[in-house]
Every structure is written in C-alpha cells, then in structure tokens.
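These notes concern the structure reproduced below.
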Amino acid sequence: MNPFKPKKDRRLGVAEGKRQYDLPLNKSIGTGFLVVLIALMTFLAIMALGTSFALGSMTQRWSSGLENKATIEVPAEKNDSDLRTKNEVNALVERVEQKLSDQPYIKSVTALDQGDIQALIEPWLGQGEILDNIPLPGLLSVELQISNESSLAKLTKTLAEIDETIRLDTHESWLGDLLRLTGALQFAAGFVLLIIGFTTVAAVAGAIRTRMAVHNEEVELLHLMGAGDGYITRQLQRHALMIGLKGSLVGLIAGLIVLGLIALIAGDTGAALLPDFHIQLGHIIGMIIVPTLICIIASMAARFTVLRVLAQMP
Amino acid sequence: MNPFKPKKDRRLGVAEGKRQYDLPLNKSIGTGFLVVLIALMTFLAIMALGTSFALGSMTQRWSSGLENKATIEVPAEKNDSDLRTKNEVNALVERVEQKLSDQPYIKSVTALDQGDIQALIEPWLGQGEILDNIPLPGLLSVELQISNESSLAKLTKTLAEIDETIRLDTHESWLGDLLRLTGALQFAAGFVLLIIGFTTVAAVAGAIRTRMAVHNEEVELLHLMGAGDGYITRQLQRHALMIGLKGSLVGLIAGLIVLGLIALIAGDTGAALLPDFHIQLGHIIGMIIVPTLICIIASMAARFTVLRVLAQMP
Amino acid sequence: MIKFEHVGLRYGVGPEVLTDIDFTLEPGSFHFLTGPSGSGKTSLMTLMYLGRKPTRGLVTMFGQNINQMERDKLATLRQRIGVVFQDFRLLNHLSAFDNVALPLRIAGRPEKEIKDNVDELLEWVGLGEHKNVLPLTMSGGQQQRVAIARAVIARPKLLLADEPTGNLDDEIGFRLMNLFDQLNRMGTTIVIATHNQKIMDEFGHSRLVLDSGTLKIEAPKNWIQKKIEGVF
Amino acid sequence: MIKFEHVGLRYGVGPEVLTDIDFTLEPGSFHFLTGPSGSGKTSLMTLMYLGRKPTRGLVTMFGQNINQMERDKLATLRQRIGVVFQDFRLLNHLSAFDNVALPLRIAGRPEKEIKDNVDELLEWVGLGEHKNVLPLTMSGGQQQRVAIARAVIARPKLLLADEPTGNLDDEIGFRLMNLFDQLNRMGTTIVIATHNQKIMDEFGHSRLVLDSGTLKIEAPKNWIQKKIEGVF
Ligand SMILES: Nc1ncnc2c1ncn2[C@@H]1O[C@H](COP(=O)(O)OP(=O)(O)OP(=O)(O)O)[C@@H](O)[C@H]1O
Ligand SMILES: Nc1ncnc2c1ncn2[C@@H]1O[C@H](COP(=O)(O)OP(=O)(O)OP(=O)(O)O)[C@@H](O)[C@H]1O
Ligand SMILES: [Mg+2]
Ligand SMILES: [Mg+2]
C-alpha cells in the first residue's frame with residue numbers, strides 16, 4: 001500500500017467544516033483579564049464621553065439661559081444718601097424699561113414686581129404692612145441679544161444717561177468661573193479618553209506579546225512549517241478583535257446603564273447639576289464610535305506586535 | 001570509577017549558597033499585573049481608611065462645635081401684627097440673655113449685635129441711615145451644655161415664659177442629615193474595605209491557580225520526586241508574600257502621598273469640607289494594618305489554593 | 001520490593017490500558033520492561049513511581065500497601081524512587097547542575113555535599129562542561145543524560161528508567177547501562193523500559209514483556225550462551 | 001538540492017558548533033546523518049529546515065541562495081520541507097488528526113482532501129483509532145508516529161527526520177523506514193539523523209558522519225554485501 005498515491009476524489013475535495021485556531025488562543029490564560037480590562041476601559045470612555053456631553057449641554061443651557069442676562073438695580077437711595085420715595089423708584093424703573101426696550105441690542109427687559117422684592121426681604125422683616133413704608137430698590141431683568149463688550153458698554157452708557165446711581169449686575173464673573181470649570185472638566189474628559197486609548201494599546205500589545213511568549217513554541221512551529229506572517233498574524237489579530245468586541249460591548253452596556261441611572265436620579269433631584277440628558281444623534285454616534293475604536297485599536301495593536309515578534313524569526 | 005562511593009568530605013558538607021525557587025515563579029507572566037492590582041487595592045483601602053478617619057473627625061467637630069448650639073430670634077413684629085420698636089426688641093433680647101445665663105443647662109448665650117444683623121440685610125436695602133429707622137429682629141446665639149430633649153424643652157419653656165413670639169431655631173434637622181450622610185459614607189468606606197479584602201483573596205487565589213496551571217508540569221515533577229506539600233506550598237506562599245509586600249508597599253506610599261496632597265489642598269481652601277487631618281496613633285496603626293493584612297491575605301490565599309491543587313495529585 | 005496483584009488501570013472512561021497485572025520484583029533485581037509501542041510500559045512505570053493510583057488491584061511497595069498510605073509517607077517513599085521519564089521532564093529554567101541537584105535539595109541535604117556529588121556525576125555522564133547550561137540549549141542526548149543523572153543522584157532504592165537510551169548512541173548507551181549496573185550492585189532495584197534489542201541482548205536480565213495490557217515474565221536468558229551463539 | 005559551502009554555526013557567543021561544513025545532496029537521494037551525542041546533528045538539521053541562518057558560509061537550497069531570499073519566498077520554501085523534530089513538537093491542544101493536517105491547512109488545501117489524506121496516513125502508521133486523541137494522552141511512540149505523519153503528509157520535496165525511531169520498536173521502526181523509502185522513490189530527498197546502527201546497516205544509504213563539528217561523508221556501503229557477510 002502506498003499512502004501517497006493520488007486518489008481522484010481527493011482532488012475534488014471541498015473546503016468544509018469550521019476552522020479553529022491553530023494556536024491555543026481561546027484557552028489562553030489572561031484572556032478573561034483582558035476582556036475585563038477592555039470592558040473597564042470602554043466603561044470609563046463611555047462615562048467620560050457622557051460627562052462631556054452632559055457638561056456640553058449644561059454649558060449650552062447656561063450660555064443660552066443666563067449668559068445674555070443681566071440685572072439692573074435702581075437703589076432706594078440717591079447719590080447724596082437721601083432716600084428716594086417709592087414713586088421715585090418706580091418712575092426710574094419705568095424710564096429704564098422704556099428706554100431699554102427701544103435699544104436694538106436688548107432682547108427683552110422686565111421690571112421685577114415690588115412683590116417679588118418684598119418676598120426677598122420678608123425673612124428679615126417679617127410680613128406686614130411695614131414693608132409698604134420702606135423704600136425698596138427697583139430691580140429689572142434684562143436679556144441682551146449678544147453679550148459682548150460693546151453691547152454691555154452701550155447698556156452701561158444708556159443707564160448712566162438715565163441716572164448715575166443705577167447699577168448694572170452682569171452674571172459674567174461667576175458664570176465665567178463656571179464655564180471655565182466645565183471647560184476644564186470637558187478637557188479632563190478628553191484627556192481621560194486619550195489615556196484610555198493609550199492604556200488599551202499598551203494592554204493589548206502587552207497581552208499579545210505575552211501570548212506570543214507563552215505560545216512561542218507553537219508560533220515558531222507554524223513559522224517553520226511555512227506558515228506566512230499573514231497566516232499567523234491573522235489568528236492573533238482575530239483573537240484580539242474578539243476580545244476587543246466582547247470587552248467593549250460589555251463596557252458599553254454597563255456604561256449606558258450607569259449613565260441611564262444617573263440621568264434618572266438627577267432627574268429626580270430636579271436636574272440641579274446634571275441637565276436633562278437629551279439623546280442627540282451626535283451622542284449616539286459618539287457612543288458607538290468608542291467600542292469600534294477600541295476594537296480597531298486592539299486588533300491593530302495585536303497586528304503590529306505579532307509582526308514585530310515574527311520579524312525576529314529567520 | 002564508581003560515582004556512588006561515599007567520600008568522607010561529602011558527609012561533612014555544610015549548607016551554603018543561596019537557594020532560589022525550584023519553580024520559575026519570578027519569571028512568571030502576570031506577576032507584574034498582580035503587584036499592580038495589590039498596589040491598587042492597598043491604595044483604595046488607604047483612601048477608604050483616610051476618608052473614614054477624616055469623616056470621623058469631621059463628625060466629631062460638628063458634634064462638639066455645632067450640635068449644642070441654637071439660635072433664638074426675637075421677631076420685629078408682635079403677635080398681633082403690630083411692630084415692635086427698636087428699643088422694645090432690644091429690651092426683649094436683653095431679658096432673654098439675662099434669663100438664660102442663669103439656667104444651668106445653658107453654657108453660654110450671646111446677643112448678636114444690631115450691626116451684624118444689618119450686615120445681613122444690607123444687600124437688599126443698601127447702606128445708609130434708613131436702616132436705623134427699620135425695626136430689625138433680635139438674634140441670640142445659645143450654647144447648651146448638652147443638647148437633648150429635656151434641655152431643649154426647658155429652653156423652649158423658658159422662652160415662652162418671656163414672650164410667646166420668640167422663636168427657637170436648633171440646627172438639629174440639617175445636622176442630623178449631615179451626620180446621617182457621613183455615617184453612610186463611613187459605612188461605604190467600610191464596605192469598600194471589605195470588597196478590597198475579597199478582591200485581593202480572589203485575585204491572589206486566581207493568580208496562584210493560574211501559576212499552578214502554568215507550572216503544572218513543574219509542580220507535578222516536584223511532587224513525583226517526593227517533595228512534600230509543605231515544600232511546594234512554601235515556595236508559592238513566599239512568592240505570593242513577596243508580591244503582596246511589593247504591591248502593598250507601593251499602594252501604601254501612593255495612598256499616603258495622595259492623602260497628604262488632599263490634606264494640603266483642603267487646608268488651603270479653609271478646610272471647609274475636609275477638616276484638618278490630625279494624625280493620631282489610631283490612624284497610623286490603621287494605615288500599617290492595611291498592607292500587613294493584605295500580605296497575610298495574599299499569602300494565606302496562596303497557601304490554601306496550592307494545598308487544594310496538590311490534594312488532587314495522588 | 002514491588003508486588004502487583006490483579007492490578008488494572010484505565011485513563012478516564014477509556015478502555016483498560018493495563019489488565020490483571022500480577023508480578024513481584026525482588027529487592028536488588030534488574031529487569032527490562034519491553035513490548036510494542038502503546039502497550040502500556042509507561043503506564044506501568046507510572047504506577048510504580050506512584051504517579052497514579054491503579055483503578056483496581058493491590059500495589060505493595062517497600063513492603064507497604066500503597067492504597068492505604070498517608071500523603072506524607074508517600075512523599076518519603078517517592079524520595080527513594082529515581083525516575084528517568086521518557087520525555088525527560090527537566091525544569092527548563094534550571095541549569096543542568098540545579099536539575100540534577102533537585103532530589104538532594106528536596107531531601108534537604110547540605111549544599112556542599114550536593115555540589116560535590118552533582119559535579120562528579122555530571123562529569124561521569126560526560127556533561128562536566130555543560131553544568132551551567134539550560135536544558136533548552138542542550139542536544140537531545142545531553143538532556144537525556146541530565147535526566148538520568150537526576151534519577152540516580154540520590155542513590156534511590158528503586159530506579160525506573162523509561163527508554164533511557166533512545167537519544168544516545170551505543171557507546172554512551174552502554175556506559176550508562178554500566179552506571180545502572182553499578183547502582184544495582186549497590187542494592188538498587190532497577191526496571192528499564194526499552195525497545196533496544198541490542199542492549200537487552202548484551203545485558204542478560206529478566207524481561208517483563210507487556211502486550212495489549214497483560215504482562216508476561218520471561219526468565220532471564222543465558223546471555224553468555226546467546227553471545228556465544230552470536231559469534232558463530 | 002542542498003549545498004553547504006564553508007558553513008559555520010555558533011549559538012550566541014559560544015564556540016562554533018559546526019565548522020566548515022561542505023557538502024552537496026542530490027535531489028532524490030537518501031542519507032543518514034550520524035555522530036555522537038552533541039556533535040551537532042540537530043544543529044545541522046536546523047540549518048537545513050531554515051530554522052536558523054548560519055553564522056558564516058553559503059547555503060543553497062532548491063537552487064536558491066538562502067541568505068538573500070525574501071521572507072515570503074522562504075515561507076513557500078519551508079512548505080516544501082517536512083521535518084520530524086527530535087522532541088516531536090506536536091501542538092498539545094490539537095488532536096492527532098489536526099496535528100497531521102496542519103501542513104495541508106497551511107498550504108490552504110480543501111478540507112475534504114485533508115480529511116481523506118490524513119485518515120489514510122494515520123491508519124498507515126497504526127494510529128487509526130487514535131485520531132481524535134490529544135498528544136499528551138499518547139504514548140511516546142504514538143507521539144513520534146504523529147510527528148512523522150505530519151512531516152510526510154504534504155509529500156515534501158525534502159524530508160528531515162531527527163532520530164525518528166528513538167521511541168519505537170524495531171518492527172514499527174522498519175515499517176516507517178519503508179515509508180520514507182517509498183517517499184524517496186517518489187522523488188523526495190531524505191536525511192535521517194539516527195544513532196540506530198541496525199537501521200543504518202539494514203538500509204544501505206550513504207552516511208554523513210558528524211564529529212566535533214566537522215562533516216565526513218561515507219560512501220554508501222554495499223549493504224547486500226554486508227547482509228551476506230552477516231549471514232555467514
Ligand atoms: N494520560 C493518558 N490519558 C489517556 N490515555 C493515555 C494516557 N497515557 C497513555 N494513554 C494511552 O495508554 C496506552 C498505553 O500508553 P503507554 O504510554 O503506557 O505506552 P508505552 O508502552 O509506554 O508506549 P511507547 O513505547 O510508545 O512509549 C496508549 O494507547 C495511550 O494512548
Ligand atoms: N539553542 C542552543 N543554544 C546553545 N547551544 C546549543 C543550542 N542547541 C544546541 N546547542 C549546543 O550545540 C551542540 C550540538 O547540539 P546538537 O543538538 O546539534 O547535537 P546533536 O548531534 O543533535 O546531539 P544528540 O544526538 O544528543 O541529539 C551541543 O553541545 C549543544 O549543547
Ligand atoms: Mg512509553
Ligand atoms: Mg539532536
């Protein structure tokens with residue numbers, strides 16, 4: 001018998017059956033750890049992204065809601081420390097309101113009710129008719145078209161023309177602080193994303209190098225049997241991709257759940273700090289990009305690591 | 001030549017030279033990861049402990065500093081909506097002050113200056129002589145010996161005897177909330193410590209089992225050559241102990257540095273939230289116990305894991 | 001020394017690899033274990049070096065029933081058995097010296113004694129210049145010699161060698177067989193699994209022949225007789 | 001087929017293991033490679049299966065200079081070389097079948113063809129019933145036969161076998177030598193490193209004798225002559 005004689009049906013063979021890895025990658029030690037690590041990375045990325053989005057819409061709300069607003073105070077006392085009567089104050093307020101509503105850079109102007117002002121002072125003086133006798137300052141809330149240097153300068157000038165004692169209180173200083181804070185936080189979130197990217201590359205590359213070390217004999221054997229670099233690389237790359245997919249999906253789901261919970265809780269407390277998190281198309285794309293990117297990073301890190309190791313074999 | 005013939009000097013041999021592991025543990029893959037993990041666990045434990053200590057002394061400060069204090073308000077209006085004159089208010093405040101300073105359950109009582117009160121209202125009314133004409137409420141700050149039901153009841157009764165309109169404002173409700181919050185946080189810190197313990201056990205046990213799997217052949221060989229369970233266990237246990245030591249020392253140092261930085265920063269901002277962190281003997285012992293405990297946990301986890309694996313060999 | 005009574009062994013749920021093995025080896029005797037590939041030589045060896053418990057039957061070693069022995073005692077017993085594994089099983093991270101020294105270290109012998117003994121034996125097996133070399137950089141035959149040296153260094157009471165000359169040429173093979181002979185003369189019981197007809201013919205010890213799981217003992221052939229026949 | 005010119009090899013900073021090797025093997029020839037343990041047989045084999053580059057000298061294989069070849073071409077070349085490693089090097093997580101099928105899979109052959117070929121060859125080496133068994137549960141000889149089957153399955157142009165019968169008894173050893181002979185008759189060049197004097201005597205091919213790093217070619221002995229001598 002000669003087992004090498006070609007048979008006819010052999011040549012007609014069809015590719016069938018599922019192919020597994022030649023390398024014992026699935027049973028590899030550390031696969032679980034890598035999946036967990038990538039899940040964690042994805043989770044962090046999602047959280048960072050979520051925070052960033054939330055901060056973004058918060059900033060937007062503040063900017064649109066408050067940035068263009070200012071408060072004008074008509075003090076109850078004149079420049080010379082004499083008091084204004086209630087009527088004098090009201091008249092001044094009315095004049096300011098009229099004058100400002102003509103200005104093109106003003107979007108709206110509203111005089112605060114005396115009742116509102118009384119409510120502010122009530123805690124200190126108690127309710128009662130006494131308030132009627134006390135000269136209270138007049139307050140106006142203004143909304144500018146755009147809050148920039150020139151429009152504010154114009155406003156200041158207009159007010160000075162009416163009366164010198166009138167004070168303008170923009171929200172600029174504390175809002176600026178807040179915006180600077182959220183900007184820093186958004187920057188931090190971006191930084192976190194960057195670190196996550198690096199960590200993922202490092203971890204995957206390290207893990208793949210470990211695998212190459214652990215399975216060095218097997219890899220070398222395949223190499224010696226004439227398996228091309230592509231043949232070997234493909235297996236490890238696919239392996240890394242599968243790990244990346246598993247890990248990043250778990251991380252994505254966990255991240256979305258936690259974000260949802262936070263939104264729910266924040267919604268309960270009146271959305272004081274976290275604004276209602278409107279799901280926008282951009283956000284969805286961002287959330288999908290994270291695991292995709294992580295998978296690509298994982299598989300490319302694997303590819304280059306394997307190629308570098310293989311290059312050392314003759 | 002017979003290499004088995006006993007020689008005289010052989011029997012006089014002395015134990016010398018340093019012994020290394022028979023198992024290739026030091027080159028083991030995953031050792032670095034385990035060190036990092038234990039460092040992280042220690043770091044978290046230190047942070048949890050630090051938080052717990054800080055919360056503890058904060059609670060103490062609040063309890064001692066605020067819990068026994070209360071504010072008494074003498075309103076500017078009488079029961080029948082008539083106003084009191086300034087003098088009337090001052091007289092009432094004085095009466096309250098006199099009366100209370102006699103009571104044995106009162107530690108101290110101080111009437112707030114009218115100036116202080118004016119400063120509180122100024123933002124609304126502007127400065128000026130107008131304030132002199134407005135009847136302001138009188139305020140007194142009281143410190144009780146002990147703040148319990150009976151002393152508060154007595155205080156309320158005494159105040160009612162002087163005038164029905166006098167209001168007592170204890171800090172109880174919000175302080176209670178705060179204490180409940182810090183209690184919850186301290187509980188959370190304890191919980192974190194517990195989880196850290198479990199994670200360490202799980203990670204070390206898992207890592208040791210992985211090592212046993214990776215080095216299964218070597219372990220089996222030693223076993224077959226007559227190495228007792230103790231001989232093999234000792235090596236892996238010492239290995240785990242070294243990892244534990246390295247990791248927990250790194251974690252301890254990192255934790256202490258970060259705690260120090262936080263204390264520094266908190267000190268700068270006026271220690272509003274984090275109190276000055278007095279280093280007490282108990283804290284030092286706690287900080288030292290953490291790495292010690294982690295080392296013991298690591299080495300015991302290794303011991304039992306190895307013994308369990310070895311028990312499966314005949 | 002070794003007594004097997006109705007011993008059977010199966011791996012997992014597979015068929016019985018060894019069936020009804022019955023034999024007794026006297027202390028100080030020397031035996032070849034032979035049989036076709038896959039007949040169970042290594043499996044029988046495994047039972048003898050206490051690497052597995054038989055699935056049935058009674059194994060008595062050093063006069064003691066193995067099945068009822070405590071763990072600690074088993075370990076002590078194993079220290080008195082030297083094994084040359086078919087696949088060597090050297091520790092790849094340890095040098096030739098440290099590999100050979102291992103049994104002495106497990107027995108807790110002083111380092112000075114270990115050094116002298118190991119150096120001398122490595123010299124004897126022709127590896128004096130390779131004592132600090134790692135197994136993976138040694139040739140097949142060199143590894144096999146390290147494995148042999150490790151098995152005999154502690155002068156065991158029982159020596160089990162599985163195909164110890166498979167990677168060695170006849171010259172060094174015979175040299176090592178002489179080493180085993182010397183050990184045997186000092187009282188060690190020896191069992192050598194081998195396919196090497198030449199060696200079995202040269203050294204006329206009794207043969208245990210395994211075939212499809214059953215053991216047949218062939219009385220020691222008069223090998224001087226055979227040698228004379230060979231000459232003519 | 002293979003041409004070595006002034007080839008030398010050293011591992012790391014060690015001494016030259018091979019010095020000034022010069023020889024030519026014709027396509028379709030059959031050679032034994034022999035020499036004492038540690039003389040460099042495996043090292044020479046390693047150079048021939050392109051597992052290392054020589055530290056000096058010129059290696060020409062299949063008519064091409066190895067030193068200047070591209071990576072891809074080297075891989076293709078390796079696919080035409082079958083190797084039986086001295087330590088088998090089976091993939092422990094793959095069954096006997098998958099181990100033997102590996103070269104065909106690397107060559108991208110269809111599964112149906114692979115299945116038929118591998119099944120038949122496993123039958124032939126006496127492992128028909130062990131095709132789904134993992135290497136670690138096989139006997140030494142069975143593993144060796146899997147290694148041999150893997151080396152020949154793709155009908156290589158060059159077959160290098162390092163001590164392929166060390167763990168096998170004479171009967172199956174001769175059977176496998178016949179397998180190599182058949183392959184040889186179909187055009188494969190064969191080099192077998194062995195210590196087995198009996199096999200070298202039985203099959204009268206030319207011998208490459210290595211001693212302390214240098215190679216000596218012994219002309220093929222007239223082995224019918226030898227056999228006749230042996231009979232008388
Ligand atoms: N760990 C194992 N698990 C399952 N089956 C095994 C195991 N070890 C050996 N076998 C099977 O037991 C049978 C006998 O194997 P063994 O290694 O004892 O043979 P052997 O006589 O030593 O052969 P060789 O001369 O080839 O080394 C073989 O069929 C083998 O497949
Ligand atoms: N990877 C390596 N690194 C360093 N030295 C090596 C390496 N491989 C082999 N050697 C040394 O090269 C020499 C020749 O080894 P080689 O394996 O080629 O011998 P061999 O003829 O195959 O011996 P055997 O018949 O025992 O298998 C030996 O002294 C060995 O120690
Ligand atoms: Mg065997
Ligand atoms: Mg060799």
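What you see below is based on every heavy atom in this structure, not just the backbone, and it leaves out hydrogens, waters and symmetry mates. In what follows, chains are A, B, ... by sequence order, proteins preceding strands, each numbered from 1.
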**OP:** Establish, yes or no, whether the cationic atom of R175(D) lies under 6.0 Å from the six-membered ring centre of W124(D) and within 45° of the ring axis.
**Re:**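 Yes, R175(D) sits over the ring of W124(D).
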
Original post:
Do the numbers put R78(D) on top of the ring of Y49(D), so that NZ or CZ is under 6.0 Å from the six-membered ring centre and no more than 45° off the axis?
Top reply: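 No, cation not above the ring by the 6.0 Å, 45° rule.
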
Original post:
Charged N to carboxylate O below 4.0 Å: is that the case for E123(D) and K131(D)?
Top reply: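 K131(D) and E123(D): not salt-bridged.
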
Subject >> Salt-bridge present (E163(D), K41(D); N to O < 4.0 Å) >> reply: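 No, E163(D) and K41(D) are not salt-bridged.
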
**OP:** Below 4.5 Å from any heavy atom of chain D, which atoms of E217(A) appear? Answer side chain, backbone, both or neither.
**Re:**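 Neither; nothing under 4.5 Å.
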
**OP:** Check each atom of L221(A) against the heavy atoms of chain D and say whether the ones under 4.5 Å are side chain, backbone, both or neither.
**Re:**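 When you check distances to chain D, only side chain atoms of L221(A) fall under 4.5 Å.
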
**OP:** Against chain A, label R80(D) side chain, backbone, both or neither, depending on which of its atoms sit under 4.5 Å from a heavy atom there.
**Re:**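 Answer is neither: R80(D) stays 4.5 Å or more from chain A.
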
**OP:** Name the region of R52(D), side chain, backbone, both or neither, that has any atom closer than 4.5 Å to a heavy atom of chain A.
**Re:**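 Only the backbone of R52(D) comes within 4.5 Å of chain A.
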
